[in-house]
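Step one of this worksheet: look at the structure below.
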Amino acid sequence: MKNKISALSIPRTTLDILLGTTLVVAFTALILLIADAPVLAAFKNICLGAFSSTSKVSQVLSVWVPLVLCSCGLLYSFRVHLWNIGIEGQIAMGAVAAMAALRIPGPHNPTFILTLAFFASMLGGALWGLLAGLLKTRGGVHEIFGGLGLNFVAQGFILWLIFGPWKRPGIASMSGTELLSFDLWLSTPTGWRVASIGLIIAVLVILLSWLILVKSRFGLKLTAIGQNPRAARLYSLMPERYYLKAIAIAGACAGLAGFLQVTGVYHRLIPSISSGYGYLALLVVMLAGYRIILLPFLALFFAALNVGAIQLPIVLQLDSSLSGVIQGCCVLSALFVLGIRQKRKQS
Amino acid sequence: MMGDISLPILIASVLAASAPLIIIALGETLTEKSGVINLSLEGVVLFSAMAAFVAAKVTDSLLLGFLAGGCAGMLTGIIVGYFSVYLHLSQVAVGFALSLLCRDLAYFLGNPYSRVPGPGLLTTKVPFHEALPSSLQIIFTQPLTVWFAILLIGALYYFFTFSKAGLNLRSVGENPEASFARGLNPSKIQMIAVLAGSFLVGIGGAAYSLSLKPGWGRPQGAEGIGWICLALVIFGGWNPCRVALGAMLFAFLQVSGIGLQDLFPGVPAQVFQTAPFPLMIFTLIFMHYSIRKNRTQGHTPNPLKQFVQNLLMARAPKALGKSYKQE
């Protein structure tokens, strides 16, 4: 893991990582002290909550899958220096598209309809990403604001669907649409909480992204455009076209996460179908330094924090948002260390 | 359309609902005018709302509550400022990470105080209350935050347009190198703008938990406001008056959501709350095309078009989001 950061000497890098970790632990401990909570017990409970049983590990994996899918997608858009904050909406629209395919009336072969939903979700996410991309390249709307706007539009759209055309027979409610029929659920090993096909998809997407981003010509082009769009133009690479391609791929990955949330986790469309995984994935990618090698491990770490914190309210009467505090703090500490390092290099 | 809600009550509730929005959006305007974009609004609003409520509850003083809110905002401003102005890190990355951190910090630290009754700012009557006609009485009976917000619009407008300090701040936001050559210290000015802006954001957050939606909880009711205010700053074209108008328009949409729901049955109220975002996107597209057209065609002959264009024309501070490194 460490020898990837080869540009710097190992001891200094180790020192930096140590400094970052110390900052995170110290800050979290401080927050726990302010909240008048037992520091060690809180850390211990998070670990237990994430890894103490197979069912819990599988729950961690069920968070890991969408997180990895989204962060892999984000790698493409970050390559061309696009801040695809609209990933949250892309998950949602992927889920909507998948749901639309699953709701096609009439008797069908479940495998066929699930395959259809799989591709529909990729298309839905990609189109929503493309919209943000087009707003950027054609409309002059910065991708952050376009993406944020589209996130809220997607959220509004889902609410409208749940309360309008797709409402439950009888009463519409915030708890979502009707459950899918059982044959449309992705199969889950007994005692586990994660669909096996989801894990396979996630691993495949990691490998494929590594191939595309690190080994392929397309990845090289993306990197070139990200580094210097003007120079890329001289090599007859049209930055706009690659912006759109990158953000569409990001959207497709996010859409897949939406598909898995619908068919593998919730088995229906709920208002918060994206569960904030898009935003969390942004943090993962930033912490990974936009490198794919570290990404699966950091995603696992973040997923473990998320799941481990679930039992904090029951055991220690603490709010489960402690996981978010630690995650945010990790990224800020990493940024801080990076800033210090840059400053040191200059002087 | 509004059913049995009378016009004065509608105006009064729009004013009340827009006050925190105005304060937060103007705080962000101040920061962005200096060329720094503070993306952490969403979390900071919640964090300062929590700090303000807890402080007011513990000390039983509203003034201290508001101060605590402002200071909580400023504390986050120190991080944004130090990271982006002095360490030259990506302002977007810092702001985004801080936003999520502050939100969860607010939920975590505020947990023991959630759904606890606490002090809240009451409405005050203006002087000569009795002499006013009854409709104005309704409109003018507002919490102090409303008057603060309205004063702030004028103060910021004056500051940007007529004061030397405001000119310096704007020049740093447009061209820090040239400002440096003119003897200004861009980093210092940006830092001050970030701190002052985030102090205002903190006050705005306090206005939520102490006045508009008194109390703390998960959800508090101020969720999403930070993102909306970021949108409002752009919608308002970095002009304090227009930003405030945008905030009032949004407050109107929020307040009349119930009325609109009668008009479109089956559409949940939350859908109307997303309205500012498409509006913001349209404004940005319009800005883009009108600037481009001006460049290619010189002038537009149609006076109505010209008027609309002037109304919607806006230009972001040129150095917005770019990190300035002193040579």
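Throughout, a chain's letter reflects where its sequence line sits, starting with A, and its residues are numbered from 1. All values below come from the heavy atoms of this structure, side chains included, with hydrogens, waters and symmetry mates left out.
Contact record, A:L338 with B:L89: CD2-CD2, 3.8 Å, taken as the closest heavy-atom pair. Taking all atoms of both residues into account, the shortest heavy-atom contact from B:F83 to A:L332 is CE2-O, 3.4 Å. Closest approach of A:V331 to B:A97, counting heavy atoms only: CG1-CB, 3.7 Å.
Taken from CZ in A:R138 to CD1 in B:I285, the straight-line distance is 12.5 Å, to the nearest 0.5 Å. To the nearest 0.5 Å, atoms CZ (A:F336) and CD1 (B:I79) are separated by 10.5 Å. Taken from CG in A:L282 to CG in B:L100, the straight-line distance is 8.5 Å, to the nearest 0.5 Å. Atom CD in A:Q327 sits 7.5 Å away from atom CG in B:D104 (nearest 0.5 Å). Distance check, rounded to the nearest 0.5 Å: CG of A:L335 to CG of B:L98 gives 10.5 Å. The NE2 atom of A:H142 sits 7.5 Å away from the CD1 atom of B:I37 when rounded to the nearest 0.5 Å.
When heavy atoms are compared at a cutoff of 4.5 Å, A:Q317 approaches chain B solely by way of its backbone atoms N, CA, C and O. Of the two parts of A:L135, only the side chain, counted from C-beta on, holds a non-hydrogen atom closer than 4.5 Å to a non-hydrogen atom of chain B. Neither the backbone nor the side chain of A:L312 has a heavy atom closer than 4.5 Å to any heavy atom of chain B. Neither the backbone nor the side chain of A:I326 has a heavy atom closer than 4.5 Å to any heavy atom of chain B.
Between A:W83 and B:F96, the ring planes lie perpendicular to each other; the angle is over 60°, past the 30° to 60° tilted range.
Each of A:G139, A:P165, A:C330 has some count of heavy-atom pairs under 4.5 Å with chain B, and the biggest count is that of A:G139. Among A:L148, A:L32, A:D36, A:I144, the residue with the largest count of heavy-atom pairs under 4.5 Å with chain B is A:L148.
The side chain to side chain contact (heavy atoms under 4.5 Å, CB included) with B:F108 is formed by just one residue from the set A:S323, A:S321, A:S320; it is A:S321. Between B:L109 and the choices A:V325, A:D319, A:I31, the side chain to side chain contact (heavy atoms under 4.5 Å, CB included) rule is met once, by A:I31.
Crowding of A:R230 atom CZ: a count of heavy atoms from other residues, nucleotides or ligands under 6.0 Å not exceeding 12. Residue A:K343 places its NZ atom among more than 12 non-hydrogen atoms of other residues, nucleotides or ligands, all under 6.0 Å distant.
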Q: Test side chain to side chain contact (heavy atoms under 4.5 Å, CB included) on B:L87 and A:Q342 and set out the steps.
A: CA-CA 8 Å; B:L87 289 182; A:Q342 278 173 355; over 6 Å; no

